[in-house]
Amino acid sequence: MTSLAAIKLGGSVITSKTEYRSFRSETTASIVKALSEKFDSFALVIGGGSFGHFKSKEFGLPGKASKRTMEGAGIVHRDMSELAGLVHDSLMKRGLNAYSFSPGELMRDGIPDYAEPLRYLEAGMIPLLYGDVFASGGEFMIYSGDSIMLDLCKTGRFDKAIFFSDVDGIFDRDPKRFKDAKLMKRLSGKIDFSTSSGDVTGGMRLKHSSMLEIAKHVKEVYLINGNYPERIGDIGSEDFIGTVID
Ligand code: ATP
Ligand code: IP8
């Protein structure tokens with residue numbers, strides 16, 4: 001099996017989470033550049049950031065189907081496809097060929113089927129998946145990018161999972177709220193997670209539990225600060241700054 005990475009671009013790094021639909025194009029371009037230099041082939045997953053969480057929260061998503069949640073579902077799906085389009089543009093500018101999928105379209109009775117994205121991966125393209133809203137059993141659900149990463153890695157096709165976010169890794173508590181928070185290069189001891197009030201998914205808590213689950217299906221799982229994407233070049237060395245689970 002060739003070495004293949006599943007990579008998530010966190011919404012906190014490719015968007016400004018405080019401003020609705022604000023895309024960080026330069027940061028995204030620098031992550032794409034680092035990825036193109038490090039990997040020949042990978043799958044890419046995009047988180048919601050200010051394209052996903054703002055309107056989901058405003059329109060009561062996830063939630064039971066109603067006039068309001070239906071309107072919200074339309075807006076969120078449209079916004080997330082726009083974000084995917086912007087990332088797609090960034091990949092194309094680097095000469096990388098991607099094919100995007102909304103996970104809603106991959107659902108079969110509420111269970112995602114990744115056969116189609118994997119077919120594109122085998123063909124040499126980058127499957128581009130994005131967190132999104134989807135209808136299931138009279139409800140509108142949100143499929144988080146962190147859960148997509150887990151389901152993708154469960155296919156057994158990947159040997160590495162890399163999460164880019166806006167922090168240096170997992171700390172013993174939120175480094176944005178506590179200046180003395182300690183970076184955990186490897187996980188140990190108690191961790192405190194404070195979720196951003198604007199998020200409709202699980203924030204760093206969900207990411208942490210997804211990472212632990214993913215570690216059962218791949219060799220190594222990393223959390224790296226996407227504002228310093230060149231750090232992927234230090235993977236495996238003493239100088240590496242980030243969190244690793246192996
Ligand atoms: P999105 O969910 O929009 O895709 P993302 O995947 O980049 O974004 P978030 O869910 O926003 O990530 O989580 C990152 C945030 O988690 C950081 O900005 C940080 O403030 C917060 N956080 C809370 N607790 C911790 C912790 N113990 N260690 C590191 N970050 C933490
Ligand atoms: O930001 C959430 O994905 P996440 C996607 O990876 C939406 O949790 C639509 C809010």
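Below, all heavy atoms of this structure are taken into account, side chains as well, without hydrogens, waters or symmetry copies. Just follow the structure's listing: the first ligand is 1, and inside any ligand the first atom is 1.
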Discussion item. I need the atoms of ligand 1 closer than 4.0 Å to a non-hydrogen atom of Gly11, numbered in the order shown.
Written reply: 1 (P), 3 (O), 4 (O), 5 (P), 7 (O), 8 (O)
Worksheet entry | Validation row: Asp166, Lys176 side chains within 4.5 angstrom (heavy atoms) | yes
Worksheet item: Taking distance alone, with no angle check, do Phe171 and ligand 1 share an N/O pair under 3.5 Å?
Response: yes
Worksheet item: Should you measure from each heavy atom of Gly203, which atoms of ligand 1 turn up under 4.0 Å away?
Response: 10 (O)
Practice prompt. Show your reasoning for whether side chain to side chain contact (heavy atoms under 4.5 Å, CB included) applies to Val45 and Phe163.
Written response: CA-CA 9 Å; Val45 177; Phe163 290 80; over 6 Å; no
Fill in: ligand 1 atoms in contact with Gly47 (distance to a heavy atom under 4.0 Å)
4 (O)
Item to complete: Inspect the contact between Arg78 and Glu82 and indicate whether a charged nitrogen and a carboxylate oxygen are less than 4.0 angstrom apart.
Response: yes
Item to complete: Verify whether the ring centers belonging to Phe171 and Phe178 lie closer than 6.0 Å.
Response: no
Item to complete: Return each pair, listed once, that meets side chain to side chain donor-acceptor pair (under 3.5 Å) where at least one residue sits in residues 130-140; pairs must be two or more places apart or across chains.
Response: His77-Asp132, Ser102-Asp132
Item to complete: With Lys55 as the cation and Tyr20 as the aromatic partner, state whether NZ or CZ is under 6.0 Å from the six-membered ring centre and within 45° of the axis.
Response: yes
Worksheet item: Should the proximity of Ala181 to ligand 1, defined as any heavy atom under 4.0 Å, be assigned to the side chain, the backbone, both, or neither?
Response: neither
Discussion item. I need the Leu128 CG to Tyr120 OH distance, nearest 0.5 Å.
Written reply: 13.0 Å
Worksheet entry | Distance in Å, Asp192 CG paired with Met204 CE, rounded so as to fall on 0.5 Å steps | 12.0 Å
Practice prompt. Using a strict 4.0 Å threshold on nitrogen-to-oxygen distance, state whether Glu116 and Arg119 make a salt bridge.
Written response: yes
Worksheet entry | Whether Phe23 and Phe51 hold their rings parallel, tilted or perpendicular, with breakpoints at 30° and 60° | perpendicular
Practice prompt. Verify the distance criterion only: is there a donor paired with an acceptor across the side chains of Tyr228 and Asp168 at less than 3.5 Å?
Written response: no
Worksheet item: Hey, which atoms in ligand 1 end up nearer than 4.0 Å to a heavy atom of Arg173?
Response: 26 (C), 27 (N)
Practice prompt. Please confirm whether Lys8 comes within less than 3.5 Å of ligand 1 when only nitrogen or oxygen atoms on both sides are compared.
Written response: yes
Discussion item. My understanding is that we take every heavy atom of each candidate and find the minimum distance to atom 21 (C) of ligand 1. Doing that for Ile46, Leu223, Asp174, which one comes out nearest?
Written reply: Asp174
Discussion item. Rounded at 0.5 Å granularity, tell me how far CD in Glu19 sits from OG1 in Thr15.
Written reply: 9.5 Å
Discussion item. Closer than 4.0 Å to some heavy atom of Gly49 - which atoms of ligand 1 meet that?
Written reply: 3 (O)
Practice prompt. Considering the heavy atoms of Ile191, write down every atom of ligand 1 situated less than 4.0 Å from one of them.
Written response: 27 (N)
Worksheet item: Is a side-chain N or O of Ser12 found less than 3.5 angstrom from the main chain of Ser165, in a donor-acceptor match?
Response: no
Worksheet item: Between Glu122 and Arg157, does at least one N-O distance fall below 4.0 Å, as a salt bridge requires?
Response: yes
Discussion item. Check contact between Gly169 and ligand 1, using heavy atoms of the residue and a distance below 4.0 angstrom.
Written reply: yes
Worksheet entry | Contact with ligand 1 for Arg177, non-hydrogen, under 4.0 angstrom | no
Discussion item. Taking non-hydrogen atoms within less than 4.0 Å of ligand 2, which protein residues qualify?
Written reply: Lys8, Gly47, Gly48, Gly52, His53, Ser56, Val76, Met80, Gly131, Asp132, Ile142, Ser144, Gly145, Asp146, Val200, Thr201
Worksheet item: Which ligand 1 atoms, with their elements, are less than 4.0 angstrom from a heavy-atom of His53?
Response: 2 (O), 3 (O)
Discussion item. Any nitrogen or oxygen of Ser165, side chain or backbone, less than 3.5 Å from one on ligand 1?
Written reply: yes
Worksheet item: Any N/O of Val13 closer than 3.5 Å to an N/O of ligand 1?
Response: no
Discussion item. As an exercise, identify every atom of ligand 1 less than 4.0 angstrom from a heavy atom of Asp199.
Written reply: 2 (O), 10 (O)
Worksheet item: Do any nitrogen or oxygen atoms of Lys207 lie less than 3.5 angstrom from nitrogen or oxygen atoms of ligand 1?
Response: yes
